[in-house]
Every structure is written in C-alpha cells, then in structure tokens.
Amino acid sequence: MASTVPAERDLRRVIGDGDAVPDGEVEGLGDQALLALYRSMVLLRTYDERSVVYHRQGRIGTYAIFWGHEAMQAGAFHALEDEDWIFPSYRESAIGLLRGLPASTVLSWWRGHPGGWWNPADYNVASICVPIATQVPHAAGLAWGKRLRGEAACALVFFGDGATSEGAFHEGANVAAVMRAPLVLFCNNNQWAISTPLSAQTKAETLADKAAGYGIPGLRVDGGDVLAVYEATREAVARARAGDGPTFIEAVTYRTAPHATADDPSAYIDLERVEEERANECLGRYERYLRRLGLLGDELVHGIQTEAAETMRAGIAAAEAEPPADVGLLFEHALADPPQSFEHDLAELRRILGG
Ligand SMILES: Cc1ncc(C[n+]2csc(CCOP(=O)(O)OP(=O)(O)O)c2C)c(N)n1
Ligand SMILES: [Mg+2]
C-alpha cells in the first residue's frame, strides 16, 4: 500500500510541505515515472501560459485558462494506458498533447479553425467538449461498449463542480453505474462555475458524497497533489478493469485564474484566497518534492522547460501557417435541409470578407 500523509477532511495527500508535514510516496512509481509526471505538468503549464499570451496578441480566441489544474490533468492521465479513452472538457483542452496530439491542432481549435478537430480514434481522446457535462454520457456509452465487447480499456471523463448540477452528469453516472461500465468520473472541483461558488451549486457536504447515490465508490483527493491524484485514479482504473464499474473522484482545488480570458473574477472572487493558493500551486509543490528526493536539479528543470517552450513556438507557427478556412464551412452540414436564405447570407459574408 502507498503511504499517504494525514490530510484534513478525508482529502488524500502524498506530497508533504518540506517541513512539519512529511512526504509520502506512491508504491510502484519509479524515478523515471516520477519525472515523466513532471514533464507532463511542465508541458501543460507552458501550454497554458503561452496560450494566455497568444490570446493577448490576438493569435487565438477566448481561452479557458487551466493554470493550477495541471496536477489533476497529468496525475489522472498517467494512471491510464494508451488504449483508455479520455473525454475532456474545455478546461482540459491540451490533454491530448500528452498522447502526442500536435500543439498546433489544439491551438487551431482555439483559433476556431477546422484544423483544430481530430479523429478521436487516432488518439483515444474525444473532442473538446464545451456544453457542460454532455461528455459524461458520451464517455459512459463508450465505456459500456468496451465492456460489451470484452475489451480491457476504460474511459475517463473530466468535468467540473458545476457540471454535477447538470442532468447529463446524472444520466451518465447513473447508466455507467447500472451497467458497470469501466468509467472514471473525474471531477475537477475548483469551487467555481464561472462566478457561481460551490456553496450555491450543492447542499451536499462533499461532491464525492454524490457517488453513494449511484452506488459507486467516491474518493476525495487534494487536486494540487499530483501523486495523490495519480494514486486515486490508478485505483479507479483498476476497479474499472476488474469489471467493478465506475468510480467518482473529487479532486479539490481552487480556481486561481479567471474562468477564461473573457472573465474578470475580481468582481466575485476572494483575492486573498487566490494569492494564498497561488503560493502553493501544484507544479511548484511537485518540483520541490522531486528536489527533496534528489531527482531534479536546475539543469534538468531548465531543459524540460526549454523543450516545452519550443513545442509551443513550433505549435503556434504551424497553426498560423494553416490557410484560412473557407466561410462556406459555417453553412455546410449545419442543416440537412438548408433554408434558401443561406445562399444569400453566404454571398453577403463573402462580399464583406472580400473573398
Ligand atoms: C449546457 C451549458 N450550460 C451553460 C454553459 C455556460 N458555461 C460555460 S462554463 C460554465 C461553468 C462550468 O463550471 P464547472 O463545471 O465548475 O467547470 P470549470 O469551468 O470550473 O472547469 C458554464 C455554466 C455551457 N457551456 N453549457
Ligand atoms: Mg468549476
């Protein structure tokens, strides 16, 4: 069994604070695996920080920032095998990068360019889902299909605290539980749904409590602790593969960045809390842990950061080199039986755009 350190209110934690709270460890995670987790977190962090800059430079559109969510995303990802499917929301837009999806593809998605869509079966990563919680029944269906076919693969679906108030979440969780689908329901509880706080979202004491209503296990982890997230997800994946059905994981964190580049949280958020949480953000926590173990030094950190920055530089260059999409795509395939006005509208659009 892994050794975990004491944590308040059943929040599983592995990484200590380098002081009074000692470090734990996750059984079976060797040095290379620990460093692979770090590399993934750095890639995600770099992706996120560069994307905010690209947005400000007008090179991508509105962007959903995930700064501080990297431990949840990388920790969950590394507990999966390549054949397992991932269903991301807009908050996990870059998760495909960890499966080899080119950065240019995801950046094209944020540019609203058709090059931003991929064949999900090429990476076992579903399209980025913007309608809240609708990816949950998709994932439940895919996982159930895997079970019916006798395949070992499972599915992991990411969604937020706000998504747990949606009908689609309930329907997906319920059908997955009843059918014992190999599904991991991964809730990123960052305590905000745009400006709606968790307290206005639910009367449940914890979101993990909801699992009892579906008759499935619910785990709570510190979402800023990549090792705790990894370990909890690994358990959930093992349960899914053993035919024991879904697990709900509540990863608790606090959103310290705006909901998206179009949001100004100073109107509603507790800025002192934001400062506190930023000082204890997940990448720094993990980096300090690896340094305490003697696995990481300045040179390696610099090398990993440089590699990630280069991936992003090449990614945005490739995305910008894509020829502009034809505006006709806005109309094509929109309706089986398009109204006559479409023809006129498209002609008008082409005239305005000078195309
Ligand atoms: C079905 C639907 N309703 C409303 C929205 C508008 N909307 C976009 S993000 C968001 C908040 C979601 O919060 P949460 O599930 O906690 O995810 P987070 O953004 O915090 O990752 C809402 C309501 C939407 N995208 N889809
Ligand atoms: Mg949220």
Side-chain angles (χ1 to χ4, degrees), residues 11 44-45 47-48 51-52 55 61-77 86-96 106 109-110 112 116 125-140 156-173 184-211 218 220-224 229 233 248-270 273-274 277-278 281-282:
L11 269 192
L44 291 173
R45 172 65 56 90
Y47 181 95
D48 185 70
S51 294
V52 172
H55 167 75
T62 302
Y63 171 70
I65 305 154
F66 60 76
W67 201 96
H69 293 58
E70 298 88 348
M72 294 184 282
Q73 300 181 9
F77 172 84
I86 302 169
F87 287 75
S89 83
Y90 51 82
R91 192 68 70 205
E92 296 81 26
S93 64
I95 197 82
V106 190
W109 191 86
W110 288 111
V125 177
S127 299
I128 299 163
C129 195
V130 177
I132 305 302
T134 55
Q135 72 276 24
V136 180
H138 300 165
L156 182 143
V157 58
F158 287 105
F159 54 91
D161 44 301
T164 62
S165 299
E166 288 282 354
F169 161 74
H170 165 73
E171 290 155 18
V184 181
L185 293 148
F186 192 101
C187 180
N188 131 44
N189 175 9
N190 62 14
Q191 308 192 41
W192 292 94
I194 312 185
S195 57
T196 302
L198 184 66
S199 56
Q201 201 70 250
T202 181
K203 281 293 282 176
E205 199 173 310
T206 76
L207 292 177
D209 287 348
K210 288 178 186 270
R220 284 191 98 215
V221 298
D222 179 342
V229 171
T233 312
F248 181 98
I249 298 175
E250 176 189 1
V252 183
T253 179
Y254 191 85
R255 207 192 73 215
T256 59
H259 167 74
T261 47
D263 175 42
D264 174 11
S266 65
Y268 59 85
I269 217 160
D270 173 355
R273 172 88 190 263
V274 166
E277 296 284 342
R278 286 185 83 90
E281 56 80 26
C282 62

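These numbers were taken from a predicted model, which means no experiment stands behind them. Just so you know, ligand 1 is whichever comes first in the structure, and atom 1 is the first atom listed for that ligand.
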When rounded to the nearest 0.5 Å, the distance separating CE of Met72 from CD of Glu92 is 8.0 Å
Would you compute the distance between atom OH of Tyr90 and atom SG of Cys129 and round it to the nearest 0.5 angstrom?
9.5 Å
Parallel, tilted or perpendicular: rings of Trp192 and Tyr268 (30°, 60°)
tilted
Where does Asn190 meet ligand 1, judged by heavy-atom distances below 4.0 Å: at the side chain, the backbone, both, or neither?
side chain
What distance separates Phe169 CZ from Leu207 CG, expressed to the nearest 0.5 Å?
8.0 Å
Going by the order shown, which atoms of ligand 1 are within less than 4.0 Å of some heavy atom of Asn188?
21 (O)
For atom 25 (N) of ligand 1, what's the nearest protein heavy-atom neighbour? Residue, atom name and distance, please.
Val130 O, 3.1 Å
Side chain, backbone, both or neither: which part of His259 has a heavy atom under 4.0 Å from ligand 1?
side chain
How long is the gap from CD on Glu277 to OG1 on Thr253, to the nearest 0.5 Å?
6.0 Å
Any side-chain heavy-atom pair of Gln191 and Asn189 under 4.5 Å:
yes
Looking at Ala193, which atoms of ligand 1 are within less than 4.0 Å of one of its heavy atoms?
11 (C), 12 (C), 13 (O), 16 (O)
What protein heavy atom is closest to atom 1 (C) of ligand 1, reported as residue, atom name and distance in Å?
Ile132 N, 3.6 Å
Under-4.0 Å heavy-atom contact with ligand 1, by part of Thr196 that carries it
neither
Does the side chain of Asp209 pick up a donor-acceptor pair with the side chain of Thr206 at under 3.5 Å?
yes
OH of Tyr63 to OG1 of Thr261: how many Å apart, nearest 0.5 Å?
9.5 Å
Starting from atom 14 (P) of ligand 1, find the nearest protein heavy-atom neighbour and note its residue, name and distance.
Gly162 N, 3.4 Å
The atoms of ligand 1 lying under 4.0 Å from a heavy atom of Pro131, numbered in the order shown, are 26 (N)
Heavy atoms only: which of Phe159, Phe158, Tyr90 lies closest to atom 18 (P) of ligand 1?
Tyr90
Please walk me through it: do Asp263 and Arg255 pass salt bridge (Lys or Arg N to Asp or Glu O under 4.0 Å)?
CA-CA 13 Å; Asp263 175 42; Arg255 207 192 73 215; 3.5 Å; yes
The atom name of the N, O or S atom in Asp161 nearest to the Mg ion (ligand 2) is OD1
Going by atom types alone, do Trp110 and Ser93 pair a side-chain donor with an acceptor below 3.5 Å?
yes
Go through ligand 1 atom by atom and flag the ones less than 4.0 Å from a non-hydrogen atom of Ala163.
15 (O)
ang(OD1 Asn190, the Mg ion (ligand 2), O Trp192) rounded to 10° is 80°
Hey, is atom 10 (C) of ligand 1 under 4.0 Å from any protein heavy atom?
yes
Just to confirm my output: which protein heavy-atom neighbour is closest to atom 21 (O) of ligand 1, and how far is it?
Arg91 NE, 3.0 Å
